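Fair warning: this is a prediction, and the values are worked out from it, not measured in the lab. Residue numbers count from 1 along this sequence.
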Amino acid sequence: MSLDQLIKECKKREITAQEQLYRLFSGKLFSVCLKYSRNRTEAEDNLQDSFITIFDKISQYKFKGSFEGWMRRITVNTVMQKYRSQDVFDIVNENAIEDVEVQVDEDGLSMDDLLKIVQELPDRYRMVFNLYVLDGYSHKEIGQMMGISDGTSKSNLARARNILKEKIELLQEKKINVKSV
């Protein structure tokens, strides 16, 4: 069955089509959820909530643009809405902070190490970092999504980068020390 036909069947609320769509895209959307979650369990919950929203709103998809992109946007928005309702974002008036470059040695850290470090960031920093660096949203868009100012978004990004830089350097030092023993 083609993707367009699968979408049409999902619009009719056909369970088998919904299951097929879930199997087709759950892996990709789970990776999106992992980026925005503190751990795998939370990512699984976010994925479930996202698919519920996707199936509820699939009738709004007009076959214009990428369907995968449409689902990805719903997933990000679902996760952001969940965090907004939990008041996990500390909104403070922050001064501008210098931009920090984060560099990783080629043989230094695995993707699992990097994902773990990003997941350990405080919620607001993790969200801003992922939205800006990994998903390409502007600070204005992030501010609107999170209910914060552009300046707070920029400040949170800078702080996230500082934390990541420190944690990456610590991990790299540990790996170097282990190699030299």
Partners meeting side-chain hydrogen bond (donor to acceptor under 3.5 Å, both in side chains) with Ser50 (sequence neighbours left out): none
Apart from Phe55 itself, what residues make up its hydrophobic cluster when side-chain heavy atoms of I, L, V, M, F, W and Y under 4.5 Å apart count as a link, directly or indirectly? Met1, Leu3, Leu6, Ile7, Leu21, Tyr22, Leu24, Phe25, Leu29, Phe30, Leu34, Leu47, Phe51, Ile54, Ile58, Tyr61, Phe63, Phe67, Trp70, Met71, Ile74, Leu115
Check: Thr152/Ser149 side-chain N/O donor and acceptor closer than 3.5 Å: yes
About how many Å separate CD of Gln119 and CZ of Arg38, when rounded to the nearest 0.5 Å? 10.5 Å
Quick check for you: to the nearest 0.5 Å, what is the distance between Tyr36 atom OH and Glu42 atom CD? 13.5 Å
Show the nearest heavy-atom pair for residues His139 and Ser153, with the distance to one decimal. ND1-OG, 2.7 Å
In Å and rounded to the nearest 0.5 Å, what is the CG to CG distance from Asp135 to Leu131? 6.0 Å
Test your reading of the model: is there a side-chain donor-acceptor pair from Arg126 to the backbone of Val118, 3.5 Å cut-off? no
Tell me, do Gln144 and Lys140 make a side-chain contact under 4.5 Å, heavy atoms counted? yes
Consider only side-chain N and O atoms of Thr78 and Asp49, and report whether a donor and an acceptor are under 3.5 Å apart. no
From Ile148 CD1 over to Ile142 CD1, what is the distance, rounded to the nearest 0.5 angstrom? 7.5 Å
Quick one, Arg161 and Val133 - any side-chain contact, counting heavy atoms below 4.5 Å? yes
For Ser37 and Asn46 the tightest heavy-atom approach is OG-ND2, 2.8 Å
Residues pairing under ring pair (Phe, Tyr, Trp, His ring centres under 6.0 Å) where one sits in residues 145-166, two or more places apart or in two chains, turn out to be none
So, Gln5 versus Glu9: side-chain donor-acceptor pair below 3.5 Å or not? yes
Who passes side chain to side chain contact (heavy atoms under 4.5 Å, CB included) against Gln60, sequence neighbours left out? Lys57
What pairs with Lys28 under salt bridge (Lys or Arg N to Asp or Glu O under 4.0 Å), at least two apart in sequence or on another chain? Glu68
Counterpart residues, side-chain hydrogen bond (donor to acceptor under 3.5 Å, both in side chains), relative to Arg73 (two or more places apart): Tyr137
Lys64: which residues meet the salt bridge (Lys or Arg N to Asp or Glu O under 4.0 Å) condition with it, sequence neighbours left out? none
Could you state the interatomic distance from CZ (Phe129) to CG (Leu157), rounded to the nearest 0.5 Å? 7.5 Å
With sequence neighbours excluded, what pairs up with Asp56 under the side chain to side chain contact (heavy atoms under 4.5 Å, CB included) test? Arg13, Ile52
Carboxylate-amine/guanidinium contact Asp113 Lys116, below 4.0 Å: no
Please name all residues satisfying side chain to side chain contact (heavy atoms under 4.5 Å, CB included) with Glu169, sequence neighbours left out, ordered by chain then number. Lys165
Please name all residues satisfying side-chain hydrogen bond (donor to acceptor under 3.5 Å, both in side chains) with Ser59, sequence neighbours left out, ordered by chain then number. none
State which residues pass side chain to side chain contact (heavy atoms under 4.5 Å, CB included) with Thr16; sequence neighbours excluded, sorted by chain then number. none
Can you check whether Arg124's main-chain N or O pairs, donor with acceptor, with Asn156's side chain at less than 3.5 Å? no
Suppose we screen for side-chain hydrogen bond (donor to acceptor under 3.5 Å, both in side chains). Which residues come up paired with Glu19, at least two apart in sequence or across chains? Arg23
State the CD1-CD1 distance between Ile168 and Ile163, to the nearest 0.5 angstrom. 11.5 Å
